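Labels below follow one simple rule: chain letters A, B, ... track the order of the sequence lines, proteins then strands, and each chain is numbered from 1. Quick caveat: nothing in here was measured; it's all calculated off a predicted structure.
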Amino acid sequence: MLERVKQDLRRELKKALINSGVVEAEIPEIVFETPKHVKFGDLSSNIALWAAKKLKKDPRAAANDLLTALKFDRAMISRVEPAGPGFINFFLAESYLYALIKKAAAGEKFYTSNAGGGKSVNLEFVSANPVGPLNVVNARAAAAGNVICNLLKNAGFLVTKEFYINNVGVQTNTFGRSISLRYLEALGQKIEFPEDCYGGEYVKEIAKTFIEKEGSKYLSLTEEERIAVFKPAGVQLMLDWQEKSLKNYGVEFDIWFKESELHEKKELTRAFKVLEEKGMTKEEEGARWFTSTAVLNKEGNPVDDKDRVLIKSDGTPTYLLPDIAYHFSKISRGFDYIIDILGPDHHGYIGRISAAVSIGGLPLENFRILIAQQVNLLKDGKPFKMSKRQGNFISMDELVEEVGPDAAKYFFLRRSLDSHLDFDIDLAKKQTDENPVFYVQYAHARICNVIEFAKTSGIKEPELDTVNYALLASPEEAGLMRKVACFADTLQHAALNYDPHLVPKYIEELAQLYHSFYARHRVVSEDKELSAARLALCLGTRNIIRAGLEILGVTAPAKM
RNA sequence: GCGCCCGUAGCGCAAUUGGAUAGAGCAUCUGGCUUCGAACCAGAAGGCUGCAGGUUCAAGUCCUGCCGGGCGCACCA
């Protein structure tokens with residue numbers, strides 16, 4: 001919607017630029033920003049500042065010249081003016097805003113875009129090892145991944161949400177061994193539980209369920225045989241648990257991809273061969289290496305700082321090889337874009353995986369690794385780490401149980417993904433004005449109540465085609481309409497930059513504007529025409545708050 | 001030592017990716033319910049953006065060097 005206005009302006013500005021003597025090929029993509037101050041209009045462009053340099057003119061003069069040559073559609077833009085050091089500010093026409101609020105009130109999804117053009121995206125996130133319950137960083141990644149998916153879909157991408165299961169390797173073996181030891185222990189044997197085994201209570205519980213179901217029949221087996229039984233069964237239990245935790249949290253995946261599948265299909269060997277054929281391997285010190293430092297980015301710098309071992313001198317592969325094979329699998333499945341959300345302990349992998357993906361044939365700019373940074377839980381202002389049930393860390397389930405899925409997700413999403421986050425448990429639980437989740441949910445509930453009140457007061461639902469929107473003339477009303485108008489912009493910006501935290505910010509601002517409007521103006525009054533116009537504004541605002549919360553995966557209750 | 005994240009109001013954070021007078025919230029102070037939800041609103045106060053240079057019409061944002069905090073470094077996964 002607003003994108004169309006921008007398209008038109010872009011085209012006309014380009015004409016005006018060429019007119020004033022700029023070479024067409026040199027013109028950069030003309031971008032608009034929404035200024036911080038209303039007095040600077042609704043859209044702003046700095047293109048005159050750029051042109052001034054090219055034409056060796058005074059920036060103000062360049063802006064003026066552009067303006068005299070510029071044609072624009074009065075139905076969308078009411079006013080254009082030069083400002084400051086050479087900005088050009090555009091003011092949206094009232095009629096344009098009225099049309100938008102009408103769409104919003106009618107519940108039309110005017111905020112979708114086709115920036116993605118139907119391109120496909122593989123979005124991998126959480127991908128926790130199936131040897132324990134999900135933790136709070138997993139919860140953060142889950143919240144963010146889900147929103148990035150929603151945002152990309154809203155922007156016209158086709159998104160597949162994928163969870164990678166590391167069900168092969170040392171960790172799962174250790175897990176099987178841990179269960180085996182707890183099994184013996186529960187049956188009265190003296191055991192020594194090693195440091196490197198999984199010490200969580202849940203391992204004991206798993207061992208107990210085996211005893212409850214099948215008694216002591218595994219006692220007679222060798223440890224190796226017992227592990228062979230417990231490992232796959234335990235992994236399956238963990239997977240079921242993780243899936244249940246995520247579902248309870250409101251996050252579901254399209255594909256659960258097992259590492260074992262790569263081994264069964266000989267994908268590791270194949271991936272190695274691909275690297276070898278492209279001349280990206282070397283042999284040194286008895287090991288086979290991936291010469292990842294030979295892969296250069298656009299600036300001509302290596303994307304990785306060290307070459308990496310693929311096959312150790314003892315002939316076994318490192319973890320990197322299956323990871324490469326996995327990414328090759330994603331590429332061969334035909335995705336246009338691949339995005340991984342990894343935990344804080346994985347930021348060292350960005351280089352090597354990027355290098356591999358590039359060799360696998362996906363352009364580097366179509367691959368992105370996002371890091372879900374560390375989460376520090378705080379309670380009573382102090383770090384909160386110990387869990388009663390796990391002994392070593394707070395699980396995602398415990399956090400969600402404590403503060404509820406809405407607050408948990410909302411708090412994770414307010415901060416950008418790759419920054420450290422202090423999560424204040426007390427604040428998230430508070431049902432007061434200190435808690436931003438309640439602020440926006442309250443605004444939504446309040447609007448619902450006003451709409452309900454209008455109904456019971458005998459005010460008919462406004463006929464959106466005949467509403468006199470020009471009555472919405474106060475600064476509060478105008479501010480609300482302008483905010484509604486840039487929802488689409490916010491969503492698109494958040495999508496293209498993988499930046500979910502812009503959405504909570506936007507709806508908090510929208511809620512704030514609504515509360516301010518509500519405090520100053522009565523919606524339902526004797527004046528039927530005015531009531532209808534304000535109701536339309538209420539409907540529109542409510543729909544946008546609801547849509548924003550829906551993208552965040554947070555509920556929008558009508559009463560609270 | 002190398003790499004990543006961070007340093008902005010008392011606190012926890014924003015700042016449209018280089019734009020105009022650095023912004024909202026909480027906490028503090030002042031005022032506002034006899035009418036649609038006061039879980040709200042209006043106002044006040046609060047700043048050398050860690051420090052020092054540099055790049056340019058323009059720097060919280062980019063470059064260089066320091067200072068401080070967090071995380072990570074493997075032929076482990």
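Distance L342(A) CG to rC5(B) P: 14 Å, rounded to the nearest Å. To the nearest angstrom, C1' of rA20(B) lies 9 Å from CG of N89(A). Put simply, OH on Y518(A) is 10 Å from C1' on rC33(B), counting in whole angstrom units. Rounded to an integer number of Å, the gap from CZ of F517(A) to P of rA38(B) is 14 Å.
When Watson-Crick and G-U wobble pairs are counted only if both distances are under 3.5 Å, rG65(B) pairs with rC51(B). Checking rU8(B) for Watson-Crick or G-U wobble geometry (two distances, each under 3.5 Å) identifies no partner in any strand. Figure legend. rC73(B) is base-paired to rG1(B); pairs are counted as Watson-Crick or G-U wobble with both atom distances under 3.5 Å.
Looking at the side chain of Y442(A), the nearest of the listed nucleotides rU17(B), rA39(B), rC36(B) is rA39(B). In the set rC75(B), rU56(B), rA20(B), the nucleotide with an atom closest to the side chain of K53(A) is rU56(B). The side chain of H347(A) has rG3(B) as its nearest neighbour among rG19(B), rG3(B), rC36(B).
Residue A52(A) is classed as having no contact, given no heavy-atom separation below 4.0 Å to the nucleic acid. Across all strands, D307(A) comes closer than 4.0 Å to no nucleic acid atom at all (heavy-atom distances).
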Contact list (N/O, under 3.5 angstrom) for nucleotides 41-46 of chain B vs protein:
residue, atom, partner, partner atom, Å
rC41(B), OP1, Y439(A), OH, 2.5
rA42(B), OP1, S516(A), OG, 2.9

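Syn is the classification of rU17(B), since its glycosidic angle stays within 90° of 0. For rC33(B), the base is syn relative to its sugar; the glycosidic angle is within 90° of 0.
Going from atom CH2 of W256(A) over to atom CZ of F163(A) covers 4.5 Å, rounded to the nearest 0.5 Å.
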For each nucleotide in nucleotides 8-16 of chain B, reading 5' to 3', give B when a protein heavy atom comes within less than 4.0 Å of its base, S when such contact involves only the sugar-phosphate, and - otherwise. -----SSSB
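In this structure, R79(A) satisfies the cation-pi test against F91(A), with its NZ or CZ atom closer than 6.0 Å to the six-membered ring centre and inside 45 degrees of the ring normal.
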Y164(A) and L262(A): side chain to side chain contact (heavy atoms under 4.5 Å, CB included), yes or no, with the steps? CA-CA 11 Å; Y164(A) 180 59; L262(A) 295 170; 3.7 Å; yes
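The aromatic rings of F175(A) and Y198(A) sit perpendicular, their planes meeting at an angle over 60°, well past the 30° parallel limit.
Here the two rings, on Y439(A) and Y442(A), have centers that are 6.0 Å apart or farther.
Here F87(A) does not lie in a stacked arrangement on the base of rG19(B), lacking the combination of planes under 30° and ring centres under 5.5 Å apart.
Side-chain polar atoms of E259(A) and N166(A) form a donor-acceptor pair below 3.5 angstrom.
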